[in-house]
Protein chains: 2
Amino acid sequence: MARRSDHSREEIREMALEAAERLIAEQGSKALSARKVATAIGYTVGTLYLVFENLDDLILQVNARTLDRLHARMLEELAPLDDPMERVLQLGHSYIGFANDHPHHWELVFEHRLPPGKQPPQWFRDKVRRMFALVERELKPLAGNRDSQAISRGAAALWSGVHGICILAIGGQLEVAGVDSVQSLTRSLMRNYLTGFRTNGSS
Amino acid sequence: MARRSDHSREEIREMALEAAERLIAEQGSKALSARKVATAIGYTVGTLYLVFENLDDLILQVNARTLDRLHARMLEELAPLDDPMERVLQLGHSYIGFANDHPHHWELVFEHRLPPGKQPPQWFRDKVRRMFALVERELKPLAGNRDSQAISRGAAALWSGVHGICILAIGGQLEVAGVDSVQSLTRSLMRNYLTGFRTNGSS
DNA sequence: ACCTGAACACCGTTCAAGT
DNA sequence: ACCTGAACACCGTTCAAGT
């Protein structure tokens, strides 16, 4: 058992988040519990409540780290590309790729619900917004003379579409639909949408 | 307390499902528990296990009823329309409308996860497939000379897109994105996608 | 000051025992 | 035969008590 002052609050926080991430990655979010996390880092469950407000708070912190990693991956895989269309398509592929590589973490970000009436804190909402802004930015060069509201809507539509594919794919509901490959579906969704976006707008 | 043979197995089943639906509708799926359902129908928790395999099974039955209602609503709202494009768009609006009217029930259908490795039973997958087939059928008149695989893919893309909008809207992540109205986003997604679908394909 | 350990009010699931 | 009630192994959260 850990004695007092073995670790700083910050160290305990980091240890707890890593333990939680391991549990989630290996067994899914249903296997996550305050008691398991505490045991995994050699502390009592009470100690977690000195560092986190409650379990929802801990999950929010885990989700923030997941969003950071997702954002970093999107930026990274975008970097080598020049063609505007290719760049937008790559955003979708990166998103799907991440969801596929880390399904449990990805699920938790979008399926975790705070108690009714509670909203995620602003710093968390900003991380979501940042990802959305990335789509908007890459969509702009394809948008011709469409105004910024149209671009926002286009980005939201694209993101929703890719997101929906991820969800249904993870839930196994797309095999039901007889679809061969998730990536080809993503490509089809984005390309067709963008064709319509450009056709119905700029000319 | 209920005495034995007060109700048939079928009656208990129906009472339990209704009680569960009420709990979910009013307080969300997190408030659902076997004990609460049992108490609500005047039986002991053990009794539920004579009628349902376990809590996952009870949830599956609730979800099946939700899918039936969603499907019925889509058919109903489709009936008065003639124009093929309007019909496809209506499917999206019905889907969003249902999710908006019954957010907790709708969420449970797509967020409930069976234990790792377990798949939903065939009869449940068929209910999902049936909804997908509806989209396929309505897409066909717009598909020109595209083959059935392209139509399947188109239906999957459309459904994914609308589904993603629902998820993000329910999670409150679309306000973050600065989108005015969910319905207009849906319309934009579907119209632009369909424009691309027809442009890139039939001609 | 830091952490524990026990308590409280819940869970899902099982099954011997009662009627 | 049908249902109960208690048990088991878990939960999240709190907080007096120990070091």
Side-chain angles (χ1 to χ4, degrees), chain A residues 1-17 19-20 22-24 26-63 104 108 111-118, chain B residues 1-17 19-20 22-24 26-63 104 108 111-118:
Chain A
M1 275 300 111
R3 300 268 160 268
R4 61 176 156 145
S5 298
D6 262 10
H7 304 97
S8 71
R9 243 168 178 68
E10 199 46 54
E11 286 171 328
I12 292 178
R13 192 188 115 93
E14 182 61 28
M15 284 161 37
L17 290 177
R22 182 187 302 266
L23 278 166
I24 293 161
E26 289 171 1
Q27 302 172 232
S29 57
K30 241 188 141 185
L32 180 69
S33 82
R35 286 175 142 96
K36 281 189 198 159
V37 170
T39 302
I41 65 173
Y43 279 84
T44 303
V45 61
T47 302
L48 279 186
Y49 287 81
L50 300 172
V51 180
F52 301 99
E53 215 180 298
N54 49 39
L55 193 65
D56 279 336
D57 180 33
L58 188 154
I59 291 174
L60 215 60
Q61 311 290 336
V62 169
N63 284 346
H104 294 314
L108 192 55
E111 294 190 352
H112 178 239
R113 300 276 176 258
L114 292 173
K118 287 242 171 184
Chain B
M1 274 304 109
R3 301 268 160 269
R4 62 176 156 144
S5 297
D6 262 10
H7 304 97
S8 71
R9 243 169 178 68
E10 199 46 54
E11 285 171 329
I12 293 178
R13 192 189 116 94
E14 183 61 29
M15 284 160 40
L17 290 177
R22 182 188 302 266
L23 278 166
I24 292 162
E26 287 171 3
Q27 302 172 216
S29 58
K30 242 188 138 182
L32 180 70
S33 81
R35 286 174 142 95
K36 281 188 197 159
V37 170
T39 303
I41 65 173
Y43 279 84
T44 304
V45 61
T47 303
L48 280 187
Y49 287 81
L50 300 172
V51 179
F52 301 99
E53 212 179 301
N54 51 36
L55 193 63
D56 279 335
D57 180 33
L58 188 154
I59 292 174
L60 215 60
Q61 311 290 335
V62 169
N63 284 347
H104 293 312
L108 192 55
E111 295 190 352
H112 178 240
R113 299 276 176 261
L114 292 173
K118 286 242 171 186

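So that the names make sense, note that chain A is the first sequence line, chain B the second, and so on, each numbered from 1.
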Nearest-nucleotide comparison on DNA chain D, the residue closer to the 5′ end among R9(B) and A31(A): R9(B)

Please give the nucleotide sitting opposite dA7(D) as a Watson-Crick or G-U wobble pair, both distances under 3.5 Å, or none. dT13(C)

Quick one: I41(B) CD1 to dT4(D) P, roughly how many Å, whole number? 9 Å

Strictly below 4.0 Å: does Y49(B) bring a side-chain N or O up to OP1 or OP2 of dT14(C)? no

For E53(B) and dT14(C), what is the distance between atoms CD and P respectively, to the nearest whole Å? 9 Å

Can you tell me how far P of dT19(C) sits from CG of D6(B), to the nearest Å? 17 Å

Name the closest nucleotide to the K36(B) side chain, picking from dC3(C), dC11(D), dC11(C). dC11(C)

Between L48(B) (CG) and dT14(C) (P), how many Å, whole number? 13 Å

Protein-nucleotide distance (D57(A), atom CG; dT13(D), atom P), rounded to Å: 10 Å

Nearest listed nucleotide, side chain of T47(B), among dT4(C), dT13(D), dC3(D): dC3(D)

Would a 4.5 Å heavy-atom cut-off, applied to side chains only, mark N63(A) and I59(A) as touching? yes

Under a 4.5 Å cut-off applied to non-hydrogen side-chain atoms, are L48(B) and R35(B) in contact? no

Applying a 3.5 Å limit to both distances, which nucleotide forms a Watson-Crick or G-U wobble pair with dC2(D)? dG18(C)

Is S33(A) close enough to dC11(D) that one of its side-chain N or O atoms is under 4.0 Å from OP1 or OP2 there? yes

Find the distance L55(A):CG to dC11(C):C1' and express it as a whole number of Å. 14 Å

Taking the side chain of V45(A) as its heavy atoms from C-beta onward, which of dC3(C), dT14(D), dC11(D) lies nearest to it? dT14(D)

For R35(B) and L50(B), find the nucleotide of DNA chain D closest to each by heavy atoms; which residue's nucleotide sits nearer the 5' end? L50(B)

Compare the minimum distances between each of dG12(D), dC2(D), dT4(C) and the side chain of Y43(A), then state the nucleotide with the smallest one. dT4(C)

Base, sugar-phosphate, or nothing: which does K30(A) touch, judged by heavy atoms less than 4.0 Å apart? nothing

I12(A) side chain: which of dG12(D), dT4(C), dC3(C) is closest? dC3(C)

Check: T47(B) main-chain N/O paired with T44(B) side-chain donor or acceptor under 3.5 Å: no

Ignoring hydrogens and geometry, is there a side-chain-to-backbone donor-acceptor pair from K36(A) to A31(A) under 3.5 Å? yes

How many whole angstroms separate atom CG of N54(A) from atom C1' of dT14(D)? 12 Å

Rounded to the nearest 0.5 Å, what's the gap from NE2 on H7(B) to OH on Y43(B)? Could you check? 5.0 Å

Atom-pair distance (CD on E10(B); C1' on dC2(D)), nearest Å: 17 Å

